[in-house]
Amino acid sequence: MKLIAMELSSLARLIRKHYHGEKENRKNRDTMTAILRQLAMIALFMSVISVPVQAEIYRTVDAEGNVIFTDQKPKSGPSETVEVGPVLTVPSTKVKPLPPKPKQEQQANRYKSLNIVSPENEQSFQNPERITITAQARPSARSGDRFRLIWDGSSLLESDSPNFTVEMPDRGAHSIQIEIMDKNGKTLISSQPRTIYVHRASVFNNPQHKPDDDMDDVGGPAVALLNAVTSLLVDKATDN
């Protein structure tokens with residue numbers, strides 16, 4: 001508080017020095033404006049400061065006419081007590097710590113990413129005997145967690161590693177996705193789904209192949225047998 005009083009006294013001297021007798025000087029008017037702004041900031045600071053006032057404030061004027069504010073009563077010269085309004089205090093608010101996250105939520109958030117490394121999205125396979133699917137988790141899978149392959153929306157395989165092999169996949173488009181699950185089977189994280197295409201050769205897709213050719217392979221013996229049976233029946237009918 002004593003420091004504030006000394007600051008006010010110093011500013012009062014500046015006011016008298018720069019403003020007295022020079023009211024028409026624009027430069028001094030600007031200086032006066034800046035000083036008044038400083039006074040306003042100090043007054044605002046004094047109005048909200050939460051330090052309790054333990055001493056009275058005295059106002060006195062020195063021999064040069066400077067107004068002085070102090071918290072110590074002058075030993076000589078007239079002085080008057082300045083009434084200070086009530087100090088604005090703001091009670092502190094106790095902030096409750098956030099509760100710890102549930103254990104299940106912590107487990108669900110322990111993986112940052114899970115991505116399918118291969119095959120690529122919309123990759124095609126011609127007459128495959130097997131297709132290998134590989135995923136990558138960050139961080140690596142923890143002990144007790146398992147990987148699960150989702151094939152066309154249904155669980156197909158489970159493994160401790162992020163590698164899967166699908167034997168003799170059917171022809172057509174297939175959706176694949178990898179999941180990591182905990183020991184209770186709860187899904188912790190899922191990869192983005194990918195689509196792959198499996199192509200297989202067919203007699204219906206081979207223009208050089210004629211279905212009649214297959215019939216010719218077995219038609220000769222069948223026709224000969226049919227002719228023999230017919231001849232036998234005709235012979236018996238003739239004898240009768």
Looking at every heavy atom in both I196 and E120, which two are closest together, and how far apart are they? CG2-O, 4.1 Å
Test side chain to side chain donor-acceptor pair (under 3.5 Å) on T134 and N163 and set out the steps. CA-CA 5 Å; T134 303; N163 303 312; 3.3 Å; yes
Given side chains that start at C-beta, do those of S118 and T132 come closer than 4.5 Å, heavy atoms only? no
Nearest atoms (heavy-atom pairs only) where D152 meets A173: OD1-O, 4.2 Å
Atom CD of E129 with >12 non-hydrogen neighbours under 6.0 angstrom: no
SB check R110 D145 (cutoff 4.0 Å): yes
Partners of S113 by side chain to side chain contact (heavy atoms under 4.5 Å, CB included), sequence neighbours excluded? N115, R138
With heavy-atom distances below 4.5 Å as the criterion, would you say the side chains of I178 and I150 are in contact? no
Side chains of V166 and L156: does their closest heavy-atom pair fall under 4.5 Å? yes
What residues form a side-chain hydrogen bond (donor to acceptor under 3.5 Å, both in side chains) with S161, not counting sequence neighbours? S159
With a 4.5 Å limit on heavy-atom distance, are the side chains of I68 and V61 in contact? no
Per the ring pair (Phe, Tyr, Trp, His ring centres under 6.0 Å) rule, what does the pair list look like for residues 136-175, sequence neighbours excluded? W151-H174
Among all residues two or more places apart in sequence or in another chain, which pass the salt bridge (charged side-chain N to carboxylate O under 4.0 Å, His left out) test with R146? E158, D160
In Å and rounded to the nearest 0.5 Å, what is the CD1 to CE distance from I189 to M181? 15.0 Å
What is the minimum heavy-atom distance between A141 and Y111, and which atoms define it? CA-OH, 3.4 Å
Quick one: do L157 and I180 end up in the same hydrophobic cluster if we chain Ile, Leu, Val, Met, Phe, Trp and Tyr together by side-chain heavy atoms under 4.5 Å apart? yes
Filter on ring pair (Phe, Tyr, Trp, His ring centres under 6.0 Å), then keep only pairs touching residues 123-144, sequence neighbours left out; what's left? none
If every non-hydrogen atom of V198 is compared with every non-hydrogen atom of P169, which pair is closest and at what distance? CG1-O, 3.9 Å
Verify side chain to side chain contact (heavy atoms under 4.5 Å, CB included) between I133 and L149, making sure each step is shown before the conclusion. CA-CA 9 Å; I133 301 171; L149 171 63; 3.9 Å; yes
Note, S191 side chain near I176 side chain (heavy atom, < 4.5 Å): no
Find the distance between OH (Y197) and CD (E122) and round it off to the nearest 0.5 Å. 4.5 Å
Residue set satisfying side chain to side chain contact (heavy atoms under 4.5 Å, CB included) with S190, at least two apart, ordered chain then number -> Q177, E179, T187
Do you know the tightest heavy-atom contact between A201 and N127? N-OD1, 2.9 Å
If you round to the nearest 0.5 Å, how far is OG of S124 from NE2 of H199? 3.5 Å
Donor-acceptor under 3.5 Å (D182 side chain, N184 main chain): yes
Would you name the heavy atoms of R59 and V67 that are closest together and state the gap between them? NE-CG1, 3.6 Å
Give a yes or no on whether Q126 atom CD has more than 12 heavy-atom contacts from other residues, nucleotides or ligands under 6.0 Å away. yes
Side chain to side chain, I131 and E167, heavy atoms closer than 4.5 Å: no
